[in-house]
Enquirer: 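The structure under discussion is supplied below as C-alpha coordinates; questions concerning it will follow.
Please read all numbers here as calculations on a predicted model, not as lab measurements.
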Amino acid sequence: MALVNIHFLNLQQNYLFADIAKKVNAFKVMHPKADVISLGIGDVTQPLAPAVVEAMHKAANEMATAEGFHGYGPEQGYDFLREAILKNDFLPRGIHLDIDEVFINDGAKSDTGNFQELLHWDNFIGVTDPIYPVYIDSNVMIGRCGIYQGGRWTNVRYLPTTAENGFIPELPKGRPVDVIYLCYPNNPTGTVITKQELRKWVNYALKNDALILYDAAYQAYIRDPEIPHSIYEIRGARKCAVEFHSFSKTAGFTGVRCGYTIVPKDVSVSTFEGERIPLNQLWLRRQCTKFNGTSYISQRAAEAIFTPEGKQQIQATIDYYMDNAHRMLTKLRALGYEVYGGKNAPYIWMRTPDGMGSWQFFEAMLYGANVVCTPGVGFGPSGEGYVRFTAFGSHEKTEEALTRIENWTKKH
Ligand SMILES: *Cc1c(COP(=O)(O)O)cnc(C)c1O
(Lines give C-alpha, C1' and ligand atoms only; values in the text may rest on other atoms or scores of the structure.)
Protein backbone atom coordinates (compact mmCIF):
# COMPACT_ATOMS: atom_id res chain seq x y z
CA MET A 1 0.00 0.00 0.00
CA ALA A 2 1.39 3.37 -0.97
CA LEU A 3 1.09 5.71 1.98
CA VAL A 4 1.03 9.47 1.72
CA ASN A 5 3.56 11.77 3.37
CA ILE A 6 1.08 12.97 6.00
CA HIS A 7 3.07 16.15 6.61
CA PHE A 8 1.75 17.45 3.30
CA LEU A 9 -1.76 17.14 4.72
CA ASN A 10 -0.79 19.52 7.50
CA LEU A 11 -0.09 22.33 5.07
CA GLN A 12 -2.50 25.17 5.49
CA GLN A 13 -5.21 25.60 2.84
CA ASN A 14 -3.83 26.75 -0.52
CA TYR A 15 -0.85 28.66 -1.59
CA LEU A 16 -1.64 32.30 -0.66
CA PHE A 17 -1.78 33.55 -4.24
CA ALA A 18 -4.21 30.79 -5.22
CA ASP A 19 -6.61 32.08 -2.54
CA ILE A 20 -6.27 35.62 -3.82
CA ALA A 21 -6.90 34.51 -7.41
CA LYS A 22 -10.05 32.69 -6.27
CA LYS A 23 -11.43 35.83 -4.63
CA VAL A 24 -10.50 38.02 -7.59
CA ASN A 25 -12.18 35.55 -9.98
CA ALA A 26 -15.34 35.53 -7.87
CA PHE A 27 -15.40 39.33 -8.13
CA LYS A 28 -14.86 39.21 -11.89
CA VAL A 29 -17.72 36.77 -12.36
CA MET A 30 -20.02 39.20 -10.58
CA HIS A 31 -18.55 42.28 -12.29
CA PRO A 32 -17.50 41.14 -15.76
CA LYS A 33 -16.93 44.70 -17.00
CA ALA A 34 -14.68 45.81 -14.15
CA ASP A 35 -11.02 46.33 -15.02
CA VAL A 36 -9.09 45.04 -12.03
CA ILE A 37 -5.53 46.27 -11.43
CA SER A 38 -3.26 43.96 -9.48
CA LEU A 39 -0.64 45.35 -7.15
CA GLY A 40 -0.71 41.94 -5.49
CA ILE A 41 1.55 39.12 -6.64
CA GLY A 42 5.28 39.85 -6.70
CA ASP A 43 5.88 39.29 -10.39
CA VAL A 44 7.72 41.76 -12.59
CA THR A 45 6.14 43.27 -15.71
CA GLN A 46 8.86 44.99 -17.73
CA PRO A 47 10.58 43.14 -20.61
CA LEU A 48 14.03 41.57 -20.39
CA ALA A 49 17.04 43.82 -20.94
CA PRO A 50 18.20 43.89 -24.61
CA ALA A 51 21.67 42.64 -23.59
CA VAL A 52 20.03 39.61 -21.96
CA VAL A 53 17.85 38.86 -24.97
CA GLU A 54 20.83 39.14 -27.28
CA ALA A 55 22.77 36.65 -25.16
CA MET A 56 19.83 34.24 -25.26
CA HIS A 57 19.61 34.46 -29.05
CA LYS A 58 23.31 33.89 -29.33
CA ALA A 59 23.18 30.88 -27.02
CA ALA A 60 20.23 29.44 -28.92
CA ASN A 61 22.17 29.77 -32.19
CA GLU A 62 25.14 27.99 -30.62
CA MET A 63 22.86 25.16 -29.57
CA ALA A 64 21.79 24.81 -33.21
CA THR A 65 25.30 23.74 -34.24
CA ALA A 66 27.16 20.50 -33.53
CA GLU A 67 30.18 22.42 -32.16
CA GLY A 68 28.15 24.81 -30.01
CA PHE A 69 25.64 22.31 -28.70
CA HIS A 70 25.47 21.98 -24.90
CA GLY A 71 23.87 18.96 -23.28
CA TYR A 72 23.93 18.39 -19.53
CA GLY A 73 26.03 21.08 -17.93
CA PRO A 74 27.76 20.94 -14.56
CA GLU A 75 25.11 20.57 -11.80
CA GLN A 76 26.63 23.49 -9.92
CA GLY A 77 26.62 25.77 -12.98
CA TYR A 78 29.03 26.94 -15.66
CA ASP A 79 32.23 28.62 -14.53
CA PHE A 80 31.67 31.61 -16.83
CA LEU A 81 28.63 32.59 -14.74
CA ARG A 82 30.10 31.66 -11.36
CA GLU A 83 33.14 33.82 -12.13
CA ALA A 84 30.99 36.76 -13.25
CA ILE A 85 29.05 36.51 -9.97
CA LEU A 86 32.17 36.52 -7.81
CA LYS A 87 33.69 39.40 -9.75
CA ASN A 88 30.58 41.60 -9.74
CA ASP A 89 28.42 40.75 -6.74
CA PHE A 90 31.11 40.01 -4.14
CA LEU A 91 34.63 41.26 -4.91
CA PRO A 92 33.58 44.95 -5.09
CA ARG A 93 32.22 44.54 -1.53
CA GLY A 94 35.47 43.06 -0.29
CA ILE A 95 34.04 39.53 -0.13
CA HIS A 96 36.40 36.79 -1.35
CA LEU A 97 34.65 33.55 -2.16
CA ASP A 98 35.86 30.44 -3.96
CA ILE A 99 34.25 29.48 -7.24
CA ASP A 100 33.04 26.18 -5.81
CA GLU A 101 31.18 28.04 -3.08
CA VAL A 102 28.80 29.29 -5.82
CA PHE A 103 25.94 27.02 -6.92
CA ILE A 104 23.86 28.19 -9.87
CA ASN A 105 20.16 27.42 -9.38
CA ASP A 106 16.96 27.66 -11.38
CA GLY A 107 15.62 30.34 -9.05
CA ALA A 108 15.85 30.97 -5.34
CA LYS A 109 12.50 29.37 -4.56
CA SER A 110 13.89 25.90 -5.29
CA ASP A 111 16.97 26.35 -3.15
CA THR A 112 15.32 28.17 -0.23
CA GLY A 113 12.76 25.36 -0.22
CA ASN A 114 15.21 22.49 -0.70
CA PHE A 115 18.12 23.46 1.50
CA GLN A 116 16.39 22.30 4.71
CA GLU A 117 16.73 18.70 3.42
CA LEU A 118 20.33 18.73 4.62
CA LEU A 119 19.23 19.25 8.21
CA HIS A 120 17.96 16.78 10.80
CA TRP A 121 14.18 16.72 11.02
CA ASP A 122 13.96 17.98 14.59
CA ASN A 123 16.00 21.15 14.26
CA PHE A 124 14.14 24.09 15.77
CA ILE A 125 13.57 26.79 13.19
CA GLY A 126 13.09 30.52 13.68
CA VAL A 127 11.62 32.96 11.17
CA THR A 128 10.97 36.64 11.19
CA ASP A 129 7.23 37.16 10.98
CA PRO A 130 5.67 38.03 8.48
CA ILE A 131 7.79 36.14 5.94
CA TYR A 132 7.98 34.54 2.46
CA PRO A 133 5.78 31.43 2.97
CA VAL A 134 8.22 29.00 1.27
CA TYR A 135 10.52 28.81 4.31
CA ILE A 136 7.89 27.48 6.68
CA ASP A 137 5.93 25.36 4.20
CA SER A 138 9.03 23.51 3.03
CA ASN A 139 9.80 22.67 6.66
CA VAL A 140 6.20 21.58 7.26
CA MET A 141 6.52 19.11 4.38
CA ILE A 142 9.30 17.28 6.19
CA GLY A 143 7.49 17.34 9.54
CA ARG A 144 9.64 19.91 11.29
CA CYS A 145 7.01 22.45 12.35
CA GLY A 146 4.74 20.61 14.77
CA ILE A 147 1.03 21.28 14.54
CA TYR A 148 -0.88 24.33 13.36
CA GLN A 149 -2.75 26.03 16.20
CA GLY A 150 -4.29 29.47 16.29
CA GLY A 151 -2.58 30.65 13.13
CA ARG A 152 0.90 29.39 14.00
CA TRP A 153 3.04 26.26 14.02
CA THR A 154 3.88 24.93 17.46
CA ASN A 155 7.54 24.13 16.62
CA VAL A 156 8.42 27.38 14.89
CA ARG A 157 9.81 30.41 16.69
CA TYR A 158 8.11 33.47 15.21
CA LEU A 159 10.08 36.68 15.59
CA PRO A 160 7.64 39.54 15.01
CA THR A 161 8.64 42.45 12.84
CA THR A 162 5.96 45.10 13.07
CA ALA A 163 5.60 48.87 13.25
CA GLU A 164 5.76 48.51 17.05
CA ASN A 165 9.38 47.31 17.01
CA GLY A 166 10.36 49.37 13.98
CA PHE A 167 10.55 46.15 11.91
CA ILE A 168 13.68 45.09 13.82
CA PRO A 169 13.32 41.47 14.98
CA GLU A 170 14.55 40.65 18.47
CA LEU A 171 16.97 37.77 19.00
CA PRO A 172 15.13 34.62 20.17
CA LYS A 173 14.75 34.31 23.93
CA GLY A 174 14.53 31.00 25.78
CA ARG A 175 15.24 27.84 23.78
CA PRO A 176 17.81 28.78 21.12
CA VAL A 177 16.84 28.22 17.51
CA ASP A 178 19.02 25.94 15.37
CA VAL A 179 18.15 27.38 11.99
CA ILE A 180 17.17 31.00 11.26
CA TYR A 181 15.62 32.28 8.05
CA LEU A 182 16.29 35.95 7.31
CA CYS A 183 15.21 37.82 4.18
CA TYR A 184 16.59 41.31 3.51
CA PRO A 185 15.46 43.51 1.86
CA ASN A 186 12.34 41.90 3.21
CA ASN A 187 9.45 40.38 1.38
CA PRO A 188 6.73 41.30 2.36
CA THR A 189 7.51 44.36 4.52
CA GLY A 190 9.98 46.06 2.16
CA THR A 191 12.16 46.91 5.16
CA VAL A 192 15.95 46.41 5.43
CA ILE A 193 18.50 45.44 8.07
CA THR A 194 21.52 47.52 9.07
CA LYS A 195 24.99 46.01 9.38
CA GLN A 196 24.83 46.55 13.11
CA GLU A 197 21.58 44.57 13.45
CA LEU A 198 22.77 41.85 11.08
CA ARG A 199 25.96 41.51 13.13
CA LYS A 200 23.80 40.61 16.15
CA TRP A 201 22.35 37.68 14.18
CA VAL A 202 25.73 36.45 13.01
CA ASN A 203 27.02 36.62 16.57
CA TYR A 204 23.93 34.79 17.82
CA ALA A 205 24.45 32.04 15.24
CA LEU A 206 28.15 31.68 16.08
CA LYS A 207 27.44 31.57 19.80
CA ASN A 208 24.59 29.04 19.52
CA ASP A 209 26.04 26.98 16.67
CA ALA A 210 23.00 27.91 14.60
CA LEU A 211 22.70 28.17 10.84
CA ILE A 212 21.42 31.32 9.09
CA LEU A 213 19.65 30.88 5.75
CA TYR A 214 19.83 34.37 4.26
CA ASP A 215 17.63 35.31 1.32
CA ALA A 216 19.06 38.27 -0.60
CA ALA A 217 16.64 38.08 -3.57
CA TYR A 218 16.02 41.84 -3.42
CA GLN A 219 19.57 43.10 -2.82
CA ALA A 220 19.62 44.91 -6.18
CA TYR A 221 16.93 47.30 -4.88
CA ILE A 222 19.07 48.64 -2.05
CA ARG A 223 19.76 52.36 -2.54
CA ASP A 224 21.14 53.32 0.87
CA PRO A 225 24.93 52.74 0.73
CA GLU A 226 25.02 51.76 4.42
CA ILE A 227 22.73 48.76 3.98
CA PRO A 228 24.46 45.38 3.43
CA HIS A 229 23.83 43.54 0.13
CA SER A 230 25.20 40.28 1.45
CA ILE A 231 25.48 38.71 4.89
CA TYR A 232 29.15 38.04 4.08
CA GLU A 233 29.78 41.74 4.60
CA ILE A 234 29.60 40.74 8.28
CA ARG A 235 32.68 39.14 9.79
CA GLY A 236 32.09 35.52 10.81
CA ALA A 237 29.12 35.00 8.47
CA ARG A 238 31.01 32.58 6.27
CA LYS A 239 31.11 30.19 9.25
CA CYS A 240 27.37 30.23 9.85
CA ALA A 241 25.41 31.47 6.83
CA VAL A 242 24.18 30.24 3.46
CA GLU A 243 22.94 32.94 1.08
CA PHE A 244 20.34 32.73 -1.69
CA HIS A 245 20.25 35.04 -4.70
CA SER A 246 17.89 35.28 -7.62
CA PHE A 247 17.96 37.09 -10.95
CA SER A 248 14.15 37.12 -10.91
CA LYS A 249 13.71 40.54 -9.34
CA THR A 250 17.19 41.81 -10.26
CA ALA A 251 16.70 41.35 -13.99
CA GLY A 252 13.15 40.19 -14.68
CA PHE A 253 14.11 36.49 -14.77
CA THR A 254 10.87 35.19 -13.23
CA GLY A 255 10.15 33.37 -16.51
CA VAL A 256 13.79 32.69 -17.49
CA ARG A 257 14.75 30.94 -14.21
CA CYS A 258 18.24 31.50 -12.85
CA GLY A 259 19.80 32.47 -9.55
CA TYR A 260 22.54 31.21 -7.26
CA THR A 261 23.27 30.00 -3.75
CA ILE A 262 26.45 30.60 -1.78
CA VAL A 263 27.48 27.74 0.50
CA PRO A 264 30.84 28.67 2.07
CA LYS A 265 33.19 25.81 2.82
CA ASP A 266 33.48 27.01 6.43
CA VAL A 267 29.81 26.37 7.20
CA SER A 268 29.28 23.06 8.93
CA VAL A 269 26.63 21.37 11.04
CA SER A 270 26.98 18.71 13.68
CA THR A 271 26.16 15.02 14.04
CA PHE A 272 24.85 13.79 17.42
CA GLU A 273 28.41 12.58 18.09
CA GLY A 274 29.77 16.08 17.50
CA GLU A 275 31.41 15.43 14.15
CA ARG A 276 31.33 18.54 11.92
CA ILE A 277 29.86 18.06 8.45
CA PRO A 278 30.59 20.79 5.88
CA LEU A 279 27.40 21.81 4.09
CA ASN A 280 29.20 22.70 0.86
CA GLN A 281 30.00 19.04 0.11
CA LEU A 282 26.59 17.88 1.23
CA TRP A 283 24.80 20.40 -0.97
CA LEU A 284 26.95 19.45 -3.95
CA ARG A 285 26.07 15.80 -3.34
CA ARG A 286 22.38 16.64 -3.06
CA GLN A 287 22.38 18.76 -6.22
CA CYS A 288 24.24 16.14 -8.24
CA THR A 289 21.56 13.62 -7.30
CA LYS A 290 18.42 15.72 -7.64
CA PHE A 291 19.26 18.60 -10.00
CA ASN A 292 20.64 18.53 -13.51
CA GLY A 293 21.61 22.16 -13.78
CA THR A 294 20.08 25.38 -15.04
CA SER A 295 19.75 25.62 -18.82
CA TYR A 296 22.76 26.86 -20.77
CA ILE A 297 20.63 29.57 -22.38
CA SER A 298 19.47 30.89 -18.99
CA GLN A 299 23.04 30.94 -17.68
CA ARG A 300 24.28 32.85 -20.72
CA ALA A 301 21.36 35.24 -20.22
CA ALA A 302 22.40 35.74 -16.60
CA GLU A 303 26.02 36.32 -17.57
CA ALA A 304 24.87 39.23 -19.77
CA ILE A 305 23.49 41.03 -16.69
CA PHE A 306 27.08 41.64 -15.66
CA THR A 307 28.24 43.28 -18.91
CA PRO A 308 28.43 47.11 -18.91
CA GLU A 309 25.29 47.39 -21.12
CA GLY A 310 23.49 44.73 -19.11
CA LYS A 311 24.23 46.48 -15.82
CA GLN A 312 23.01 49.79 -17.12
CA GLN A 313 19.85 48.30 -18.63
CA ILE A 314 18.78 46.33 -15.57
CA GLN A 315 19.46 49.37 -13.37
CA ALA A 316 17.10 51.40 -15.57
CA THR A 317 14.32 48.86 -14.94
CA ILE A 318 15.01 48.77 -11.20
CA ASP A 319 14.85 52.59 -11.18
CA TYR A 320 11.55 52.39 -13.05
CA TYR A 321 10.05 50.13 -10.36
CA MET A 322 11.52 52.21 -7.55
CA ASP A 323 9.93 55.27 -9.11
CA ASN A 324 6.58 53.45 -8.73
CA ALA A 325 7.46 52.68 -5.12
CA HIS A 326 8.17 56.36 -4.48
CA ARG A 327 4.86 57.45 -6.04
CA MET A 328 2.98 54.87 -4.00
CA LEU A 329 4.63 55.86 -0.73
CA THR A 330 3.99 59.55 -1.37
CA LYS A 331 0.35 59.15 -2.39
CA LEU A 332 -0.65 56.63 0.26
CA ARG A 333 1.00 58.72 2.95
CA ALA A 334 -0.78 61.85 1.69
CA LEU A 335 -4.06 59.95 1.97
CA GLY A 336 -3.31 59.34 5.63
CA TYR A 337 -2.26 55.70 5.43
CA GLU A 338 0.59 54.35 7.55
CA VAL A 339 3.11 52.93 5.08
CA TYR A 340 6.54 51.27 5.39
CA GLY A 341 9.21 49.87 3.10
CA GLY A 342 9.45 51.04 -0.51
CA LYS A 343 12.82 52.80 -0.11
CA ASN A 344 15.24 49.90 -0.61
CA ALA A 345 12.74 47.32 -1.82
CA PRO A 346 9.92 47.11 -4.36
CA TYR A 347 7.27 46.50 -1.68
CA ILE A 348 5.06 48.85 0.28
CA TRP A 349 3.72 47.50 3.56
CA MET A 350 0.63 49.33 4.74
CA ARG A 351 -1.26 49.17 8.00
CA THR A 352 -4.97 48.76 7.34
CA PRO A 353 -7.05 51.69 8.64
CA ASP A 354 -9.31 51.46 11.69
CA GLY A 355 -7.95 48.09 12.77
CA MET A 356 -9.47 46.29 9.78
CA GLY A 357 -8.34 42.72 9.19
CA SER A 358 -6.02 42.08 6.23
CA TRP A 359 -8.58 40.06 4.27
CA GLN A 360 -11.36 42.49 5.13
CA PHE A 361 -9.36 45.39 3.71
CA PHE A 362 -8.33 43.31 0.69
CA GLU A 363 -12.00 42.67 -0.18
CA ALA A 364 -13.09 46.23 0.56
CA MET A 365 -10.45 47.63 -1.80
CA LEU A 366 -11.14 45.00 -4.46
CA TYR A 367 -14.86 45.84 -4.47
CA GLY A 368 -14.48 49.58 -3.82
CA ALA A 369 -11.49 50.47 -6.01
CA ASN A 370 -10.98 47.34 -8.14
CA VAL A 371 -7.37 47.19 -6.97
CA VAL A 372 -5.75 43.99 -5.67
CA CYS A 373 -3.23 43.95 -2.83
CA THR A 374 -1.89 41.01 -0.82
CA PRO A 375 -3.34 40.44 2.67
CA GLY A 376 -0.48 40.68 5.16
CA VAL A 377 -1.74 37.83 7.34
CA GLY A 378 -1.01 35.47 4.42
CA PHE A 379 2.68 35.98 5.28
CA GLY A 380 2.29 35.04 8.95
CA PRO A 381 0.43 36.00 12.13
CA SER A 382 2.24 39.33 12.61
CA GLY A 383 1.10 40.37 9.14
CA GLU A 384 -2.50 40.64 10.35
CA GLY A 385 -3.67 44.24 10.05
CA TYR A 386 -1.35 44.96 7.11
CA VAL A 387 -1.44 44.60 3.33
CA ARG A 388 1.35 44.52 0.77
CA PHE A 389 1.51 46.48 -2.48
CA THR A 390 4.12 45.74 -5.13
CA ALA A 391 5.91 48.34 -7.24
CA PHE A 392 6.33 45.90 -10.16
CA GLY A 393 3.50 47.36 -12.27
CA SER A 394 3.75 49.78 -15.17
CA HIS A 395 3.73 53.52 -14.38
CA GLU A 396 0.32 53.83 -16.05
CA LYS A 397 -1.34 51.02 -14.08
CA THR A 398 0.28 52.16 -10.85
CA GLU A 399 -0.95 55.74 -11.33
CA GLU A 400 -4.42 54.51 -12.25
CA ALA A 401 -4.53 52.27 -9.17
CA LEU A 402 -3.45 55.17 -6.94
CA THR A 403 -6.14 57.45 -8.39
CA ARG A 404 -8.76 54.79 -7.72
CA ILE A 405 -7.50 54.25 -4.17
CA GLU A 406 -7.62 58.02 -3.66
CA ASN A 407 -11.23 58.33 -4.86
CA TRP A 408 -12.30 55.31 -2.86
CA THR A 409 -10.53 56.50 0.30
CA LYS A 410 -12.10 59.97 0.06
CA LYS A 411 -15.58 58.47 -0.20
CA HIS A 412 -15.22 57.08 3.32
C1 LIG B 1 10.77 36.21 -5.60
C2 LIG B 1 11.47 35.68 -4.41
C3 LIG B 1 12.46 34.71 -4.52
C4 LIG B 1 12.95 34.20 -5.82
O5 LIG B 1 12.16 33.44 -6.55
P6 LIG B 1 12.75 32.73 -7.85
O7 LIG B 1 12.48 31.30 -7.62
O8 LIG B 1 14.20 33.04 -7.94
O9 LIG B 1 11.96 33.32 -8.98
C10 LIG B 1 13.12 34.29 -3.39
N11 LIG B 1 12.84 34.80 -2.20
C12 LIG B 1 11.91 35.74 -2.04
C13 LIG B 1 11.69 36.29 -0.71
C14 LIG B 1 11.19 36.21 -3.13
O15 LIG B 1 10.26 37.13 -2.95
Enquirer: How are the rings of His245 and Phe90 set relative to one another: parallel (under 30°), tilted (30 to 60°) or perpendicular (over 60°)?
Expert: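 Rings of His245 and Phe90: perpendicular, over 60°.
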Enquirer: Can you measure from OG1 (Thr398) to NE2 (His326) and round to the nearest 0.5 angstrom?
Expert: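 These two atoms lie 13.5 Å from each other.
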Enquirer: Output the distance between atom CG (Leu213) and atom CG (Leu119), rounded to the nearest 0.5 Å.
Expert: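 That separation rounds to 7.0 Å.
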Enquirer: Is Lys207 atom NZ crowded by more than 12 heavy atoms from other residues, nucleotides or ligands, each under 6.0 Å away?
Expert: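 Not buried by this count: 12 neighbours or fewer within 6.0 Å.
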Enquirer: Does Asn208 reach the main-chain N or O of Pro176 with its side chain, forming a donor-acceptor pair under 3.5 Å?
Expert: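 Side chain of Asn208 to backbone of Pro176, a donor-acceptor pair under 3.5 Å: no, none is there.
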Enquirer: Given 3.5 Å as the limit, does a donor-acceptor pair link the side chain of Asn292 with the main chain of Tyr72, or not?
Expert: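 The answer is no, because no donor-acceptor pair under 3.5 Å joins these two groups.
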Enquirer: Set out, in order, the CA-CA distance, both residues' side-chain angles and the distance that settles salt bridge (Lys or Arg N to Asp or Glu O under 4.0 Å) for Lys23 and Asp19, then state yes or no.
Expert: CA-CA 6 Å; Lys23 288 194 196 282; Asp19 278 352; over 6 Å; no
Enquirer: Determine whether the aromatic ring centres of residues Phe361 and Trp408 are separated by less than 6.0 angstrom.
Expert: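 Yes, the ring of Trp408 comes within the 6.0 Å limit of the ring of Phe361, centre to centre.
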Enquirer: What do the steps show when you test Arg157 against Asp178 for salt bridge (Lys or Arg N to Asp or Glu O under 4.0 Å), and what is the final call?
Expert: CA-CA 10 Å; Arg157 175 65 55 79; Asp178 306 305; over 6 Å; no
Enquirer: For the CD atom on Glu197, are there more than 12 heavy atoms of other groups (residues, nucleotides or ligands in this structure) within a distance under 6.0 Å?
Expert: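 Atom CD in Glu197 is crowded, with more than 12 foreign heavy atoms closer than 6.0 Å.
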Enquirer: Taking the six-membered ring of Tyr158 as reference, does the cationic atom of Arg152 (NZ for Lys, CZ for Arg) lie under 6.0 Å from its centre and within 45° of its axis?
Expert: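 Judged by the rule, Arg152 and Tyr158 form a cation-pi pair.
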Enquirer: Quick one: list whatever passes side chain to side chain donor-acceptor pair (under 3.5 Å) with Arg300, sequence neighbours left out.
Expert: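 Only Tyr296, Glu303 meet the side chain to side chain donor-acceptor pair (under 3.5 Å) criterion with Arg300.
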Enquirer: Indicate the atoms forming the closest heavy-atom contact of Asp43 with Phe392, along with that distance.
Expert: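 Looking at all heavy atoms of both residues, the closest pair is O-CB, 3.2 Å.
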Enquirer: Between Lys265 and Asp98, does at least one N-O distance fall below 4.0 Å, as a salt bridge requires?
Expert: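 Salt bridge flag = yes for Asp98 with Lys265.
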Enquirer: Only one of Glu233, Arg93, Arg199 passes side-chain contact (heavy atoms from CB on, under 4.5 Å) with Pro228; say which it is.
Expert: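 Result: among Glu233, Arg93, Arg199, Glu233 is the only option passing the side-chain contact (heavy atoms from CB on, under 4.5 Å) with Pro228.
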Enquirer: Give a yes or no on whether Lys87 atom NZ has more than 12 heavy-atom contacts from other residues, nucleotides or ligands under 6.0 Å away.
Expert: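 For Lys87, atom NZ is not crowded (no more than 12 foreign heavy atoms under 6.0 Å).
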Enquirer: For residues Ser270 and Ile277, determine if any side-chain heavy atom of one lies less than 4.5 Å from a side-chain heavy atom of the other.
Expert: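 Sidechains of Ile277 and Ser270: no contact.
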Enquirer: Distance check, rounded to the nearest 0.5 Å: Glu338 atom CD versus Arg351 atom CZ?
Expert: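 Output value for this atom pair is 4.0 Å.
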Enquirer: Look only at the side chain of Arg388 and the backbone of Trp349, and say whether a donor-acceptor pair between them is shorter than 3.5 Å.
Expert: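 Absent.
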Enquirer: Quick check: do Ile405 and Met365 have side-chain heavy atoms less than 4.5 Å from each other?
Expert: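 Ile405 vs Met365: side chains touch.
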Enquirer: Do Thr294 and Asp106 have a side chain donor and acceptor closer than 3.5 Å?
Expert: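 No - no donor-acceptor pair under 3.5 Å links their side chains.
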Enquirer: Would you give the length of the straight line joining atom CZ of Phe291 to atom CH2 of Trp283, rounded to the nearest 0.5 angstrom?
Expert: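 Output value for this atom pair is 9.0 Å.
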Enquirer: Under 4.5 Å between any side-chain heavy atoms of Thr161 and Thr191, yes or no?
Expert: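 No, too far: nothing below the 4.5 Å cut-off.
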Enquirer: Dump the intermediate steps for salt bridge (Lys or Arg N to Asp or Glu O under 4.0 Å) on Lys195 and Glu226, then the final yes or no.
Expert: CA-CA 8 Å; Lys195 280 190 188 158; Glu226 296 301 310; 5.9 Å; no
Enquirer: Side chains of Glu243 and Ser230: donor-acceptor distance under 3.5 Å anywhere?
Expert: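 Distance-only check passes for Glu243 and Ser230.
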Enquirer: So, are Glu406 and Lys331 salt-bridged, with charged N and O less than 4.0 Å apart?
Expert: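 Yes, this pair counts.
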Enquirer: Can Asp209 and Arg276 be counted as an ion pair, charged N to O under 4.0 angstrom?
Expert: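 Yes.
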Enquirer: Flag the pair Leu118 / Arg286 as yes when at least one side-chain heavy-atom distance between them is below 4.5 Å, and no otherwise.
Expert: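 Yes; the side chains approach each other to less than 4.5 Å.
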Enquirer: Closest approach of Val36 and Arg404, non-hydrogen atoms and distance?
Expert: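 Closest heavy-atom pair between Val36 and Arg404: CA-NH1, 4.4 Å.
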Enquirer: Checking Arg257 against Asn105: is there a side-chain donor and acceptor pair closer than 3.5 Å?
Expert: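 Absent: no donor and acceptor within the cut-off.
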Enquirer: Do Lys249 and Asn187 pair up side chain to side chain, a donor and an acceptor below 3.5 Å, judged on atom types alone?
Expert: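 Side-chain D/A pair, Lys249 to Asn187: absent.
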Enquirer: I want to check something: taking the side chain as every heavy atom from C-beta on, are Leu171 and Trp201 in contact at a cut-off of under 4.5 Å?
Expert: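 They are in contact (side-chain heavy atoms under 4.5 Å apart), so the answer is yes.
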Enquirer: Checking Asn139 side chain against Gln116 main chain: does a donor-acceptor pair fall under 3.5 Å?
Expert: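 No; zero donor-acceptor contacts below 3.5 Å.
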Enquirer: Between Thr112 and Ser138, what is the shortest heavy-atom contact and its length?
Expert: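 Closest heavy-atom pair between Thr112 and Ser138: O-OG, 4.2 Å.
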Enquirer: Strictly by modelled atom types, are Tyr340 and Tyr386 linked by a side-chain donor-acceptor pair under 3.5 Å?
Expert: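 Short answer, no.
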Enquirer: Could you tell me whether a side-chain N or O of Asn344 sits under 3.5 Å from a main-chain N or O of Ile227, the two making a donor and an acceptor?
Expert: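 A pair under 3.5 Å: no.
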Enquirer: Counting only heavy atoms not in Arg285, do more than 12 fall under 6.0 Å of its CZ?
Expert: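 No, not enclosed.
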Enquirer: Ion pair present between Glu101 and Arg82, side-chain N to carboxylate O less than 4.0 angstrom?
Expert: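 Salt bridge flag = no for Arg82 with Glu101.
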Enquirer: How long is the span from the CD1 atom in Ile104 to the OG1 atom in Thr261, to the nearest 0.5 Å?
Expert: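 One gets 9.0 Å once the value is rounded to the nearest 0.5 Å.
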Enquirer: Any side-chain to backbone donor/acceptor pair from Gln299 onto Tyr78? Under 3.5 Å, distance only.
Expert: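 A pair under 3.5 Å: yes.
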Enquirer: Okay, side chain of Asn280, backbone of Asp100: is any donor-acceptor separation there less than 3.5 Å?
Expert: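 Indeed, once roles are kept as given, a pair shorter than 3.5 Å links the two residues.
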Enquirer: Using 30° and 60° as the class limits, which term best fits the ring planes of His31 and Phe27: parallel, tilted or perpendicular?
Expert: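 Correct class here is parallel.
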Enquirer: Say whether, by atom type as modelled, one donor and one acceptor occur between the side chain of Tyr181 and the main chain of Ile131 under 3.5 angstrom.
Expert: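 Between the backbone of Ile131 and the side chain of Tyr181 there is no qualifying donor-acceptor contact (under 3.5 Å).
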Enquirer: Check this for me, if you would: do Lys58 and Glu54 make a salt bridge, where the nitrogen-to-carboxylate-oxygen distance has to be below 4.0 angstrom?
Expert: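 No salt bridge links Lys58 with Glu54.
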Enquirer: Out of curiosity, Asn155 CG to Ile136 CD1, how far, rounded to the nearest 0.5 Å?
Expert: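 Answer for the CG-CD1 pair, Asn155 versus Ile136, is 11.5 Å.
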Enquirer: Do Tyr218 and Asn186 get their side chains close enough for a donor-acceptor pair, meaning under 3.5 Å?
Expert: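 Checked: Tyr218/Asn186 side chains show no N/O donor-acceptor pair below 3.5 Å.
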Enquirer: Under the side chain to side chain contact (heavy atoms under 4.5 Å, CB included) criterion, do Glu396 and Glu400 qualify, and how do the steps go?
Expert: CA-CA 6 Å; Glu396 297 72 26; Glu400 168 67 17; over 6 Å; no
Enquirer: Aromatic rings Trp359 and Phe362: how do their planes relate, parallel, tilted or perpendicular, breaks at 30° and 60°?
Expert: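 Rings of Trp359 and Phe362: perpendicular, as their planes differ by over 60°.
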Enquirer: Do Tyr260 and Phe244 come close enough that some side-chain heavy atom pair is under 4.5 Å?
Expert: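 In short, these two side chains do not touch, never coming nearer than 4.5 Å.
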Enquirer: Side-chain donor-acceptor pair under 3.5 Å between Ser110 and Asn114, yes or no?
Expert: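 Note: Ser110 and Asn114 side chains miss the donor-acceptor criterion.
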Enquirer: Specify the closest pair of heavy atoms between Ser358 and Val387, including all atoms of both residues, with the distance to one decimal.
Expert: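 Taking every non-hydrogen atom into account, O-CG1, 3.9 Å.
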Enquirer: Does a side-chain heavy-atom distance below 4.5 Å link Pro346 with Tyr221?
Expert: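 Result yes, sub-4.5 Å side-chain heavy-atom pair found.
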